[in-house]
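Below: the structure, in structure tokens.
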Amino acid sequence: MTSHASNRGVVYQGPGEVTVESIAFPELALGNRRCDHGVILKILTTNICGSDQHMVRGRTTAPQGLVLGHEITGQVIECGRDVEFIHVGDVVSVPFNIACGRCRNCKEGKTGICLNVNPARPGAAYGYVDMGGWVGGQAEYVMVPYADFNLLKFPDADQAMEKIKDLTLLSDIFPTGYHGCVTAGVGPGSVVYIAGAGPVGLAAAASARLLGAACVIVGDMIPDRLAQARSFGCETVDLRQDAKLFDMVEQITGDPEVDAFVDCVGFEAHACGHDHGHEQPATVLNSAMELTRAGGQVGIPGLYVTEDPGAEDTAARHGSLSVRIGLGWAKSHSFHTGQCPVMKYNRQLMQAILFGRAEIAKAVNVQMISLDQAPAGYADFDGGAAKKFVIDPHGAVAA
Ligand code: NAD
Ligand code: ZN
Ligand code: ZN
């Protein structure tokens, strides 16, 4: 592939603004170094995520010009010299975490905190602020390093295209929702509360059902998103009401506590009740401790940041929240935070999709759009649409 081949991608311009621009065609290089362990992908699908919204809402230090996109599925068009087991033509899912496969954390399966892919801190991702400066994949083409380690190859390219709307969710939100439930201890018979009915919350709710939960309750303040959760068998609570969360849960199950709690909201959490227009970054964490039974577990895939220049109070600007940890301690709660190590789950969840056991695209309501429709997709998603927007940059899915 020549370096004059063209490429286009979604670029962050500043708060509230993304545009589709010509960007460089990817090369098998990292700065001045060759990247012989990498591949170039022609992108088949690439999804817009709530994590992107934190940047686009201007709530991070993301620089103007950042090419966005960390949820990538594609076809290999070029392999570096040292790639041994991935071949041109393979259709692959790319875990959003970039991992070297060689460091202590990667060897322990903790690929969300790889030590070698981001000079600033453990953990990296494509197209994300503070995540190592890797070029994003809401584009036509992208480079993936350490390809043998990172990529999940689908068994059959034609079958993959038939199920692409489900398989595209393996790069992030299906594993992330599943990980949220696993780390919350969800199993057969669990009563689970999921905070947030965005795509991650809905993926967590679908995962809880896959794991055998007896009752899955989803809370949000957006009626369409709650209706989406009900469409596949969840109970819901509308947090615009002034009632206490544990009372609303008790009305559903007869018990004011749950076995497992999954925070699919993060630091841009809104207050509940008549105040629901206002941000209250610790509210979900505090309701986790109130609602979860003694000895229960709390999974926290929702994103919390070290720097939040747009926060309402000074402590929160540096990631310090007012959390009532004494209550969690008294109830012997376990908390699990951080990026989902996608690779831990993506193969099994792929099998669940391919064998018809997981209708994840339906659960999160996948909506396909073209690359040129990406700015409108961002705007609709920010407005609370009950949809997961998936970009089809080459029109390969539409065809
Ligand atoms: P989203 O913004 O679409 O969804 C968040 C939802 O939370 C919204 O529907 C909002 O109305 C709701 N909400 C706000 N305050 C609430 C409250 N107090 N209680 C209940 N619901 C409330 O985002 P998403 O794409 O679904 O992602 C959710 C979170 O997961 C984001 O913070 C995202 O960054 C994070 N994330 C983490 C990982 C990971 O690896 N840990 C991966 C992907 C996404
Ligand atoms: Zn994501
Ligand atoms: Zn590593």
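We count ligands from 1, going down the list as the structure has it; atoms in each ligand are counted the same way.
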- Ring centre gap for Tyr345 and Tyr178 strictly below 6.0 Å: yes
- Query: How close does the nearest protein non-hydrogen atom get to atom 40 (O) of ligand 1, and which residue and atom is it?
  - Reply: Cys340 N, 2.8 Å
- Would you kindly specify which portion of His54 sits under 4.0 Å from ligand 1, judged on non-hydrogen atoms: side chain, backbone, both or neither? side chain
- With a 4.0 Å cut-off on heavy atoms, does Gly338 reach ligand 1? yes
- Report yes if some N/O of Asp220 lies less than 3.5 Å from some N/O of ligand 1; otherwise report no. yes
- So which protein heavy atom does atom 26 (O) of ligand 1 come closest to, and at what separation? Val200 N, 3.0 Å
- Task: Verify whether one side chain among His318 and Glu307 offers a donor that lies under 3.5 Å from an acceptor in the other.
- Result: yes
- Do any nitrogen or oxygen atoms of Val265 come within less than 3.5 Å of a nitrogen or oxygen of ligand 1? yes
- Query: Where do Met161 and Asp158 land on the side chain to side chain contact (heavy atoms under 4.5 Å, CB included) test, with the steps shown first?
  - Reply: CA-CA 5 Å; Met161 286 313 286; Asp158 293 335; 5.8 Å; no
- Would you please determine whether Ile173 falls within less than 4.0 Å of ligand 1 on a heavy-atom basis? no
- Query: Which residue owns the protein heavy atom closest to atom 15 (N) of ligand 1, what's the atom, and how far is it?
  - Reply: His270 N, 2.9 Å
- Query: Any N/O of Cys264 closer than 3.5 Å to an N/O of ligand 1?
  - Reply: no
- Would you say Phe96 has any N or O atom under 3.5 Å from an N or O of ligand 1, going by distance alone? no
- Message: Using a 3.5 Å cut-off on N or O atoms only, is Pro199 in polar contact with ligand 1?
- Response: yes
- Query: Out of Ser287, Gly177, Gly50, Cys49, whose heavy atom sits nearest atom 23 (O) of ligand 1?
  - Reply: Gly50
- Item | Test item, Met221 contacting ligand 1 (heavy atom, 4.0 angstrom) | yes
- Message: Between the Zn ion (ligand 2) and Asp172, which N, O or S atom of the residue is the nearest one?
- Response: OD2
- Item | ligand 1 versus Glu268: contacting region, heavy-atom distance under 4.0 Å | neither
- Query: So, is Asp52 placed with an N/O/S atom under 2.8 Å from the Zn ion (ligand 2), counting both backbone and side chain?
  - Reply: no
- Query: With under 30° as parallel and over 60° as perpendicular, where do the rings of Phe25 and Tyr141 fit, or are they tilted in between?
  - Reply: tilted
- Message: Checking contacts here: is it the side chain or the backbone of Thr176 that comes within 4.0 Å of ligand 1, counting heavy atoms only? Could be both or neither.
- Response: side chain
- Message: I need the nearest protein heavy-atom contact for atom 42 (C) of ligand 1: residue, atom name and distance, please.
- Response: Asp172 OD1, 3.1 Å
- Task: Indicate, as side chain, backbone, both or neither, the part of Leu239 found under 4.0 angstrom from ligand 1 when only non-hydrogen atoms are considered.
- Result: side chain
- Item | Distance-only polar pair, side chains of Arg225 and Thr236, donor-acceptor under 3.5 Å | no
- Note on the structure: From the list Trp134, Tyr126, Phe96, ring-ring contact (aromatic ring centres under 6.0 Å, His included) with His70 holds only for Phe96
- SG (Cys114) to the Zn ion (ligand 3) to SG (Cys100), nearest 10°, is 100°
- Query: In the protein, what heavy atom is nearest to atom 2 (O) of ligand 1, and what distance, to one decimal place, separates them?
  - Reply: Arg57 NH2, 4.2 Å
- Sub-4.5 Å side-chain heavy-atom contact between Met350 and Leu167: yes
- Query: At what distance is the nearest protein heavy atom to atom 30 (O) of ligand 1, and which residue and atom is it?
  - Reply: Gly302 CA, 3.7 Å
- Query: Quick one: do the Gln138 and Asp52 side chains pair a donor with an acceptor below 3.5 Å?
  - Reply: yes
- Query: Relative to each other, are the rings of His37 and Tyr146 parallel, tilted or perpendicular (30° and 60° limits)?
  - Reply: parallel
- Message: With carbon and hydrogen excluded and only N/O/S kept, which atom of Glu71 is nearest the Zn ion (ligand 2)?
- Response: OE2
- For atom 3 (O) of ligand 1, which candidate among Gln53, Arg225, Gln339, Gln280 provides the closest heavy atom? Arg225
- Query: Regarding Thr19 and Gln13, is there a side-chain donor-to-acceptor distance under 3.5 Å anywhere?
  - Reply: yes
- Message: I need the single residue from Gln53, Glu279, His54 that forms a side-chain hydrogen bond (donor to acceptor under 3.5 Å, both in side chains) with Arg59. Which is it?
- Response: Glu279
- Message: At under 4.0 Å between heavy atoms, is it the side chain or the backbone of Thr283 that contacts ligand 1, or both, or neither?
- Response: side chain
- Query: With a 4.5 Å heavy-atom cut-off, do Thr73 and Val92 have their side chains touching?
  - Reply: no
- Query: Considering only the protein, which heavy-atom contact is closest to atom 37 (C) of ligand 1, and what is its distance?
  - Reply: Pro301 O, 2.9 Å
- Item | Distance from atom 36 (N) of ligand 1 to nearest protein heavy atom, with residue and atom | Ser51 OG, 3.5 Å
- Message: If the contact criterion is a heavy-atom separation under 4.0 Å, does Phe267 count as touching ligand 1?
- Response: no
